[in-house]
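Heads up, the thing below is written out as structure tokens.
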Protein chains: 2
Amino acid sequence: MGVMTETYSPAQTVEMSGFSLDTLRYYERIGLIEPVRRAAGGHRRYSDDDLGWLDMLRCLRGTGMPIAQMHTFAELVRDGDDTIADRLALLEEHDANVETEMARLIELQRKVREKIAYYRGALDEQPVECVRD
Amino acid sequence: MGVMTETYSPAQTVEMSGFSLDTLRYYERIGLIEPVRRAAGGHRRYSDDDLGWLDMLRCLRGTGMPIAQMHTFAELVRDGDDTIADRLALLEEHDANVETEMARLIELQRKVREKIAYYRGALDEQPVECVRD
DNA sequence: GCTTGACCTGGAGCGCGCTCCAGATCCCAC
DNA sequence: GTGGGATCTGGAGCGCGCTCCAGGTCAAGC
């Protein structure tokens, strides 16, 4: 008796992947996910592989990659092993974008904090009301 | 002869603020910016104060604050000096949100880099073609 | 068998934040 | 005074990424 590959219901997959049910179906519809295996009655049964791929999607989407680019990546994956260099290049470029975005964010956060500091100062110099006498 | 307060044309303001012309007008329309002073013919003349406020907006927007919340902040500013504590609270909360968001981003970036490392490995083990002999 | 809840499909709708457009006006250089 | 570019207004349109809906099917417990 071989080790059965686990499968998961849509509800379980929502739970485990962090995507909503609608998003899972949407991703499948637009081709970000390969057609998911179905149980007899037509209900989806996600595999561990599917879960792995969803994790990849979560990483990419969660770091701001546009759907269109994720689509490109998905196609590379479909096209097999000799696209690995291309996938690597795509991920590296994305990583650089994320890095740039983080730098931008850090810089602006610094400025926000300056403004916070300014308001703290303003608050000290102008207490709500002077205590009488 | 007093020091003239500088004013700036829309084009200059686009240049200096980093917002597009349409966005500047949009922000004014929805009340994120107070009605801007006008020259005789009705053309806008942005002041240094306006520029300062735009810089604030850029910080907030650029760190992902939704327009609605920026609107709240703008109202506090309009309501005068005794809203400073509220403004401070709002900024501090936003700062915390930014911090959370950055942590999320860093964590996912780490995972993206793991995937990159994996692909680098896969590439090494499967070089494009073996050199003959 | 029946109920109840999970799941199905195709397609419409939406929230956000702009962005674009038409048609008019202004302003400056020549 | 004329041409051309900058600017004006009000309103429509859009790109993205979901999210919701109606109307139906499937599955498990009683």
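FYI, side chains are in, hydrogens and waters are out, and symmetry mates aren't considered; it's all heavy atoms of this structure.
- dC18(D) atom P lies 13 Å from atom CZ of Arg58(A), rounded to whole Å.
- OP1 or OP2 of dC8(C) has at least one side-chain nitrogen or oxygen of Arg44(A) nearer than 4.0 Å.
- Using a 4.0 Å cut-off, no side-chain N or O of Ser20(B) falls inside it from OP1 or OP2 of dC18(C).
- Contact annotation: side chain of Asp22(B) to base of dC18(C), donor-acceptor pair absent below 3.5 Å.
- Between the side chains of Asp50(A) and Ser47(A), at least one donor-acceptor pair of N or O atoms lies under 3.5 Å.
- Counting only heavy atoms from C-beta on, Arg38(A) has its side chain closest to dT9(C) among dT9(C), dT7(D), dC7(C).
- Rounded to whole Å, the distance from CE on Met65(B) to P on dG17(C) is 11 Å.
- Going from atom CZ of Arg45(B) over to atom C1' of dC26(C) covers 10 Å, rounded to whole Å.
- As a whole-Å value, the separation of Glu28(A) CD from dC18(D) P is 15 Å.
- For Arg29(A), taking side-chain heavy atoms from C-beta onward, the closest of the listed nucleotides dC18(D), dT9(D), dT19(D) is dT19(D).
- Note: Asp86(A) CG to Glu75(A) CD = 12.0 Å, rounded to the nearest 0.5 Å.
- Atoms CG (Leu21(B)) and C1' (dC18(C)) sit 13 Å apart, rounded to a whole Å.
- Considering Leu90(A), Leu88(A), Asp82(A), Ile84(A) in turn, Leu90(A) is the only one that fulfils the side chain to side chain contact (heavy atoms under 4.5 Å, CB included) rule with Leu76(A).
- A sub-4.0 Å separation between OP1 or OP2 of dC8(D) and a side-chain N or O of Arg25(B) is present.
- A donor-acceptor pair under 3.5 Å is formed between the side chain of Ser9(B) and the backbone N or O of Gln12(B).
- Nearer the 5' end of DNA chain D, as judged by each residue's closest nucleotide, is the contact made by Tyr46(B), out of Phe19(A) and Tyr46(B).
- For Thr23(B), no side-chain nitrogen or oxygen approaches OP1 or OP2 of dG17(C) to under 4.0 Å.
- Rounding to whole angstrom units, CG of residue Leu32(B) and C1' of dC16(C) are separated by 13 Å.
- Residues His43(B) and Arg61(B) each lie close to DNA chain C; by heavy-atom proximity, the contact nearer the 5' end of the strand is made by Arg61(B).
- Atom CG in Leu60(B) sits about 13 Å away from atom P in dG17(C), given to the nearest Å.
- Atom P of nucleotide dT19(D) and atom CG of Leu24(A) are separated by 11 Å, given to the nearest angstrom.
- Ring geometry for Phe73(A) against Trp53(A) counts as parallel: the plane angle stays under 30°, on a 0 to 90° scale with 60° as the upper cut.
- Here Tyr27(B) reaches the OP1 or OP2 of dC18(C): one of its side-chain N or O atoms lies under 4.0 Å away.
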